[in-house]
**Student:** 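The following block contains the structure, expressed as structure tokens.
These figures come from a predicted structure and were not determined experimentally. Quick note on labels: first sequence line is chain A, next is B, and so on, each numbered from 1.
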Amino acid sequence: MIEKYNPMEIEAKWQKRWAESEIYHVDDNNPAPKWYALTMFPYTSGDLHIGHWYAMAPSDVYARFKRMQGYNVLHPIGFDAFGLPAENAAIKRGIYPKDWTMSNIENMRRQLKSLGAIYDWDREVITCLPEYYKWTQWFFLKLWQAGLAYRAKAPVNWCPNCQAVLANEQVVNGECWRCETPVIRRDLEQWFFRITKYADELMQHEGLDWPERIKMMQSNWVGRSEGTEISFALDYPDVEEKEIRIFTTRPDTVFGVTFMVLAPEHPLVQKLTTNERKAEVDKYIDKTRHCSEIERLSTERKKDGVFTGAYAINRLNGERVPIWIADYVLLSYGTGAVMAVPAHDERDFAFASKYQLPVKVVVAPPQWDGWLLQEAYVEPGVIVNSEKFNGIESRAAKTAISEYIEQQNWGKRVVSYKLRDWLVSRQRYWGAPIPAIYCDKCGIVPVPEKDLPVLLPDDAEFKPTGESPLKYNQSFVNTTCPCCGGVARRETDTMDTFMCSSWYFIRYTSPHFVQGAFDSELVKKWMPTDIYTGGAEHAVMHLFYSRFFVKALRDMGLVNFSEPFQRLFNQGTVTHDHQKMSKSKGNVVNPDKYVSELGADTVRAYLMFIGPWEQGGDWDDSGIYGLSRWLGRIWNLVLETYEESCYGVEGATASKELLRLTHQTIRRVTEDMDRLRFNTMISTLMEYSNYLGKVHETGSVQTVDYNEAICILLRLLAPTAPHFAEEVWSRLGCDYSIHNQRWPMWDSALAQDDEIPLVVQVNGKVRDKLMVPVNVTEAEAKKLALGSPKVQVFTTDKALLQVIYVPGKLVNLVVK
RNA sequence: GCCGAAGUGGCGGAAUGGCAGACGCGCUACGUUCAGGGCGUAGUACUCGAAAGGGUAUGAGAGUUCAAAUCUCUCCUUCGGCACCA
């Protein structure tokens, strides 16, 4: 009687053995071709939930597969450890963010180890430790030196609850993405990175194996649009500016302008507003300040605005048009001013209708005879009411009018982007301090590289005050100027955590390097990553920032590649009760319970089996026992045969079929692995093990072939159920370790079927299936099909019109 | 509102123009000296039929094709992303 499969015992045993023998240690000098399999590192929120396992387990399976294929695989792990949750949790529990974070890491590390992954823990990176953030600060200085960092006063999103500035990306439906408090706006002096410099390049994804969906989202995020900047004349004796510049993608409609709209924050508004309109304009501006940008951009809201009392001149036709303000025009996009053409823009039409502003048609709808428009006409057409441009087709008029404007020096063709520069300042404690010093004499001075890291004091009061908590930490703030040696103050803002995660994949290549952020030779060896897997929620921000970092490094001559992530794959989300898992909803599924009951191998296999990886799904554990039983069946099958020591029959005849199925299985499993189709990969292994069970029972194959098949099954199973495979492998008396074995190769000739089922259809309906030799000729196949009695029932007394033959698949008889 | 993805048994899903429902869960029956979420065998879309066998079926409707879950169009539903972008 063999022992039962006891996952708890064997998993602990092998995890210990693997660690002691350093089997997963990654050797930079290994001459095998490299494979960098990167998984998005987890945020240190406390516990890993089943969704983390959904991200980590399949990516480990894939990395193990590549490792068995002979690659020198780097599959590292680390922790994204700075950020607001640590601070909030710390405030709530009265412990330091660092203590909270590090104890979370300890727990998560334990959970991750229970997964049985090939992580080389010697390469672990933790972004909140000085040996890491020293280099995050160094990146800040490098970007500054390269002219990519600057300070600007800008309206920012302000969460009154978190007492912190939020990036636009962190505002969800006008609310703070973490605490859901409505966000208000406030002006602060901030650090920005000039990511817009790379706008065009960031839209390019040439040569990258990425999902179309993500590429599209990134391109939309950049939001490139070609248009024309046009100057409208101002004639106000007391106003210094003599023009308003607007951006439009419809220069063909410039003769149809009947009013203009400025963003309420536009600097000209204060100068232009007439005395009698001032009260109303100021009231409107105040109202705008209380709206978040998200609210302003909501389509649900009715458009409204206020007349400033001022007018501008459309230089093209000399017409005088009123200047309005409205909150749907944003200062941050284009020039913060728009020309309004109600006849040919839906939004302008709605606005004009509300305030009874004129509508002037300049692009004629088909058969237009001067009727009043009921809605904006936005399609192309023939230009009218536009003086010398009349009669031109509107698309051609875009060029013609733009050229004319350029000749007259009234404007120029420009490219505009939705993308904005990256705001990196955070008025928070738990982040990497920004390495800048303010000196009354020398101005803003970078911290010299030799003085890095600027250490985050452990003892700071991090209570929210509306300003950086570091401001009140005298020993941190007070310093001397690196230029003049005089009294100076440190920058008290910290960096956006996206800074930390924009280069962690580079640090993994040389995590202990002390002379710099990374060892160039090792970066050259490992980067770019061959595959990057993670949630689609990082489609834009994180991936965008990382790409920006790499491009900036390249332009500084520090790396020799342009893109960090060659292949990108987004796994789906695991929900629970059809909702995203979150602590606040109380629907978090902890994998520990399943691991301690059924073992990590079963949990790994189940997560991969529930469906295509990119699809995710709702967590339902009702099927998990099926996977546990499957492993148990293989256990019994393999070890029973071992005990019996004789399991085949010499001279048995079915070995050829077994061999064929074996090679078909290797092929299917390998192909599914490469496509990351783990659900069908496991089905294939199940079919194979079921077949071996049958073969074992009937004793229909030769011992040597059966033996070989079992070894192949275990190797194909090793990435999915690493502990299980290792244990069975060792019980069979094979050498440690199965994970150092080579992935089986298939032989196409051996995988080839002798006979195939030929489907015979009559008028597209299946009427018979015939087993025919694989190399059957078209003539033979047709003859066999016509000869089938089952088919003849449907063909007698009918005229045969056509015979379709699909080689190796079917014959379709078309009769009438 | 726009963009994208998806909709297949009781359930998760398989099949990417060529046998619909692989594999697994659940369920049913039988067997097993079966204490246990054990093991084994058979069955399990709907429908007509005693059976052989037939018909119907991949959200709904049309179309293309010898052939459609798969391609096209319209509509419905769900999920994800974007947010007046001038």
**Student:** How far does the P atom of C82(B) sit from the matching atom of C11(B), given to the nearest Å?
**Tutor:** 32 Å

**Student:** For U77(B) versus A68(B), give the span between their P atoms, rounded off to a whole number of Å.
**Tutor:**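 Rounded to whole Å, the distance is 28 Å.
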
**Student:** What salt bridge (charged side-chain N to carboxylate O under 4.0 Å, His left out) pairs are there with at least one residue in residues 663-678 of chain A, not counting sequence neighbours?
**Tutor:**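 For residues 663-678 of chain A: K66(A)-D674(A), R668(A)-E687(A), D672(A)-R675(A).
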
**Student:** Taking only residues two or more places apart in sequence or in another chain, which ones pass side-chain hydrogen bond (donor to acceptor under 3.5 Å, both in side chains) with Y5(A)?
**Tutor:**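 In terms of side-chain hydrogen bond (donor to acceptor under 3.5 Å, both in side chains), with neighbours along the sequence ignored, Y5(A) is linked to no residue.
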
**Student:** Mind calculating the distance between CH2 (W630(A)) and C1' (C39(B)) to the nearest angstrom?
**Tutor:**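 Those two atoms, CH2 and C1', are 19 Å apart.
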
**Student:** How far does the P atom of U41(B) sit from the matching atom of G80(B), given to the nearest Å?
**Tutor:**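 After rounding to an integer number of Å, I get 43 Å for this pair.
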
**Student:** Could you tell me whether the side chains of T228(A) and S402(A) share a donor-acceptor contact shorter than 3.5 Å?
**Tutor:** yes

**Student:** Report yes if the distance between the aromatic ring centroids of W422(A) and F498(A) is under 6.0 Å, otherwise no.
**Tutor:** no

**Student:** Atom CD of Q571(A) to atom C1' of G80(B): distance rounded to whole Å?
**Tutor:**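 Atom CD in Q571(A) sits about 15 Å away from atom C1' in G80(B).
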
**Student:** Under 4.0 Å between any heavy atoms, over every strand shown, what does L810(A) touch: base, sugar-phosphate, or nothing? Just pick one.
**Tutor:**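 Touches a base.
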
**Student:** Got V61(A) and M673(A) here, is their nearest side-chain heavy-atom distance under 4.5 Å?
**Tutor:**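 Side chain of V61(A) against side chain of M673(A), heavy atoms only: contact under 4.5 Å found.
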
**Student:** Kindly give the atom pairs (protein nitrogen or oxygen, nucleotide nitrogen or oxygen) under 3.5 Å for nucleotides 52-55 of chain B.
**Tutor:**
from, atom 1, to, atom 2, distance (Å)
G55(B), OP1, R767(A), NH1, 3.4
G55(B), OP1, R767(A), NH2, 3.0
G55(B), OP2, R767(A), NH1, 3.2

**Student:** Should the ring pair W324(A) and F307(A) be called parallel, tilted or perpendicular, given that the plane angle runs from 0 to 90° and is split at 30 and 60?
**Tutor:** tilted

**Student:** Between A14(B) and G81(B), how far is it from one C1' atom to the other, in whole Å?
**Tutor:**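 It comes out at 28 Å once rounded to the nearest Å.
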
**Student:** Say you pick atom C1' in U58(B) and the same atom in A15(B); how far apart are they, in whole Å?
**Tutor:** 11 Å

**Student:** Could you encode protein contacts along nucleotides 22-29 of chain B as a string, one character per nucleotide from 5' to 3', using B for base contact, S for sugar-phosphate-only contact and - for no contact, with a heavy-atom cut-off of under 4.0 Å?
**Tutor:** BBSSS---

**Student:** Looking across every strand, which nucleic acid part, if any, lies under 4.0 Å from R224(A) by heavy atom: base, sugar-phosphate, or nothing?
**Tutor:**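 Nothing, no nucleic acid heavy atom in range.
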
**Student:** State which residues pass ring-ring contact (aromatic ring centres under 6.0 Å, His included) with F794(A); sequence neighbours excluded, sorted by chain then number.
**Tutor:**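 Partners of F794(A) under the ring-ring contact (aromatic ring centres under 6.0 Å, His included) test: none.
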
**Student:** For the pair made of NE2 in H266(A) and C1' in A86(B), what is the distance, rounded to whole Å?
**Tutor:**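 The answer, rounded to whole Å, is 13 Å.
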
**Student:** Write out all pairs satisfying salt bridge (charged side-chain N to carboxylate O under 4.0 Å, His left out) with one or both partners inside residues 613-628 of chain A, taking only residues at least two apart or from two chains.
**Tutor:**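 Not a single pair qualifies under salt bridge (charged side-chain N to carboxylate O under 4.0 Å, His left out).
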
**Student:** In whole Å, I'd like the distance from the CZ atom of F351(A) to the C1' atom of A86(B).
**Tutor:** 13 Å

**Student:** Send over the distance from I323(A) CD1 to A86(B) P, rounded to a whole Å.
**Tutor:** 21 Å

**Student:** Taking atom C1' of C85(B) as reference, at what distance in whole Å does atom CD of E226(A) sit?
**Tutor:** 15 Å

**Student:** Taking atom C1' in both U16(B) and A67(B), what distance in whole Å separates the two?
**Tutor:** 15 Å

**Student:** Mind checking K418(A) for me? I need base, sugar-phosphate or nothing, with any heavy atom below 4.0 Å counting as a touch.
**Tutor:**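 Base contact - K418(A) has a heavy atom under 4.0 Å of at least one base atom.
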
**Student:** Could you tell me how far apart L637(A) (CG) and C39(B) (C1') are, to the nearest whole angstrom?
**Tutor:**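 My rounded result for the distance is 14 Å.
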
**Student:** Rounded to whole Å, how long is the line connecting atom CG of L685(A) with atom P of A14(B)?
**Tutor:**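 It is 16 Å, rounded to the nearest whole Å.
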
**Student:** Do Y594(A) and W53(A) have ring centres separated by under 6.0 Å?
**Tutor:** no

**Student:** Contact class for Q761(A) vs. all strands (heavy atom < 4.0 Å): base, sugar-phosphate, or nothing?
**Tutor:**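 Answer is base: heavy atoms of Q761(A) come under 4.0 Å of a base.
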
**Student:** Distance criterion of 3.5 Å, no angle test: do you see the side chain of K769(A) paired donor-to-acceptor with the base of C19(B)?
**Tutor:** yes

**Student:** Counting the atoms with a prime plus P, OP1 and OP2 as sugar-phosphate, which does V806(A) contact under 4.0 Å by heavy atoms, base, sugar-phosphate, or nothing?
**Tutor:**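 Result for V806(A) = base.
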
**Student:** In whole angstrom, give me the gap between the P atoms of A69(B) and A51(B).
**Tutor:** 28 Å

**Student:** Can you tell me, in whole Å, how much space there is between the C1' of A20(B) and that of G55(B)?
**Tutor:**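 16 Å, rounded to whole Å.
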
**Student:** Base, sugar-phosphate, or nothing for P612(A), non-hydrogen atoms under 4.0 angstrom?
**Tutor:** sugar-phosphate

